[in-house]
A.B. asks: 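My questions all concern the structure below.
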Amino acid sequence: MAEKDFFTNVYDVVRLIPSGRVCSYGVIARYLGAARSARMVGWAMNNVHNVEPPVPAHRVVNRLGVLSGKHHFSDPKAMEELLAKEGVEVKDDQVQKFDELFWDPIKELEL
DNA sequence: CGATTGACGTACG
DNA sequence: TCGTACGCCAATC
């Protein structure tokens, strides 16, 4: 896999997240080889609005399964609604069964 | 051009 | 075990 920009790499991984599944920034960063660059993953999401195809950022949450970036969407409730639409239970901006719905690229892709 | 912030996470005390 | 500090890189002020 040709190494592209860090952001592009993030978008690629996020797009690979299956429906009804969620992922965390740190895991993606670690998958890219930058375990401590989780912030860049979040920053990359900021560019998502200028990238195509659109990236399902609503499937990306923090390590705690909290919708940290829901406030950055067109509408704050859009994120939890999208997740709920895919079968992900969201309560109090928090993903339920996060451990079960968690999708780890390192575990799924590199396996 | 320099300092601060930002959708996070890990390390250390 | 909980709290605080730091790192990472880019964009914005």
Side-chain angles (χ1 to χ4, degrees):
Chain A
M1 205 157 138
E3 295 90 38
K4 302 176 180 178
D5 297 293
F6 189 84
F7 301 125
T8 307
N9 212 326
V10 174
Y11 306 141
D12 186 41
V13 176
V14 176
R15 280 191 227 123
L16 291 172
I17 301 176
S19 178
R21 286 277 209 273
V22 290
C23 193
S24 63
Y25 307 91
V27 172
I28 296 170
R30 186 186 297 192
Y31 177 70
L32 299 177
R36 297 175 177 95
S37 299
R39 286 181 134 166
M40 302 296 81
V41 179
W43 208 221
M45 296 280 104
N46 234 313
N47 266 358
V48 158
H49 298 280
N50 197 30
V51 178
E52 44 185 294
V55 180
H58 62 273
R59 293 182 190 153
V60 186
V61 295
N62 63 1
R63 189 68 170 97
L64 304 173
V66 180
L67 282 55
S68 331
K70 72 157 197 167
H71 211 47
H72 288 257
F73 279 76
S74 308
D75 290 319
K77 60 183 179 182
M79 187 170 185
E80 51 188 274
E81 189 169 321
L82 284 166
L83 289 170
K85 220 170 196 179
E86 296 183 349
V88 179
E89 293 182 66
V90 180
K91 177 94 180 199
D92 191 39
D93 302 338
Q94 205 167 258
V95 177
Q96 304 301 302
K97 302 178 185 174
F98 179 67
D99 182 57
E100 189 178 330
L101 297 172
F102 188 76
W103 183 81
D104 190 339
I106 305 173
K107 207 171 182 179
E108 299 291 325
L109 300 177
E110 288 220 347
L111 185 61

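Within every chain, numbering begins at 1; the chains are lettered A, B, ... in the order of the sequence lines, protein sequences first and strands thereafter.
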A.B. asks: Measure the shortest side-chain to side-chain distance between A:His72 and A:Met45 over non-hydrogen atoms and say whether it is less than 4.5 angstrom.
C.D. replies: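 Result no, sub-4.5 Å side-chain heavy-atom pair not found.
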A.B. asks: Counting only non-hydrogen atoms, which of residues 39-58 of chain A are less than 4.0 Å from DNA chain C?
C.D. replies: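 DNA chain C contact set from residues 39-58 of chain A: A:Arg39, A:Met40, A:Trp43.
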A.B. asks: Which pair of non-hydrogen atoms, one from A:Phe7 and one from A:Asn47, has the smallest distance, and what is that distance?
C.D. replies: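 Answer, listing the atom of A:Phe7 first, then A:Asn47: CD1-ND2, 4.4 Å.
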A.B. asks: Are A:Val60 and A:Ser24 packed together at the side-chain level, in the sense that at least one heavy-atom pair is separated by less than 4.5 angstrom?
C.D. replies: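 Side chain of A:Val60 against side chain of A:Ser24, heavy atoms only: no contact under 4.5 Å found.
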A.B. asks: When you measure from the side-chain N and O atoms of A:Ser68 to the phosphate of B:dC8, is any distance below 4.0 Å, counting only OP1 and OP2?
C.D. replies: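 Answer yes for this pair, as a side-chain N or O of A:Ser68 is under 4.0 Å from OP1 or OP2.
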A.B. asks: What's the NE2-C1' distance between A:His72 and B:dC8, to the nearest Å?
C.D. replies: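 Atom-to-atom, A:His72 to B:dC8, this comes out as 12 Å.
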A.B. asks: Looking at every heavy atom in both A:Ala44 and A:Tyr11, which two are closest together, and how far apart are they?
C.D. replies: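 That would be O-OH, 3.0 Å.
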A.B. asks: Can A:Glu86 and A:Arg21 be counted as an ion pair, charged N to O under 4.0 angstrom?
C.D. replies: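 Here A:Glu86 does not pair with A:Arg21 in a salt bridge, since their nearest N and O are not under 4.0 Å apart.
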A.B. asks: In whole Å, measure the gap between the C1' atoms of B:dT4 and C:dC6 for me.
C.D. replies: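 These two C1' atoms come out 16 Å apart once rounded.
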A.B. asks: Can you tabulate the close N/O pairs, meaning under 3.5 Å, that link protein atoms to atoms of nucleotides 10-13 of chain B?
C.D. replies:
{"unit_1": "B:dT10", "atom_1": "OP1", "unit_2": "A:Arg30", "atom_2": "NH2", "d": "3.0"}

A.B. asks: Can you tell which of B:dC8, C:dA10, C:dC8 lies closest to the side chain of A:Phe7?
C.D. replies: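 Comparing B:dC8, C:dA10, C:dC8 against the side chain of A:Phe7, the answer is C:dA10.
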A.B. asks: Closest heavy-atom contact between A:Asp104 and A:Ile106?
C.D. replies: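 That would be OD1-N, 2.9 Å.
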A.B. asks: What is the distance, to the nearest angstrom, from the CG atom on A:Asp5 to the C1' atom on C:dA10?
C.D. replies: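 Answer to the nearest Å: 12 Å.
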A.B. asks: Between C:dA5 and B:dT5, how far apart are the two P atoms, rounded to whole Å?
C.D. replies: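 Taking atom P in both C:dA5 and B:dT5, they lie 15 Å apart.
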A.B. asks: Is the count of non-hydrogen atoms from other residues, nucleotides or ligands lying under 6.0 Å from A:His71 atom NE2 greater than 12?
C.D. replies: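 12 or below, so no.
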A.B. asks: For residues A:Leu67 and A:Val95, determine if any side-chain heavy atom of one lies less than 4.5 Å from a side-chain heavy atom of the other.
C.D. replies: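 Counting from C-beta outward, A:Leu67 and A:Val95 do come under 4.5 Å.
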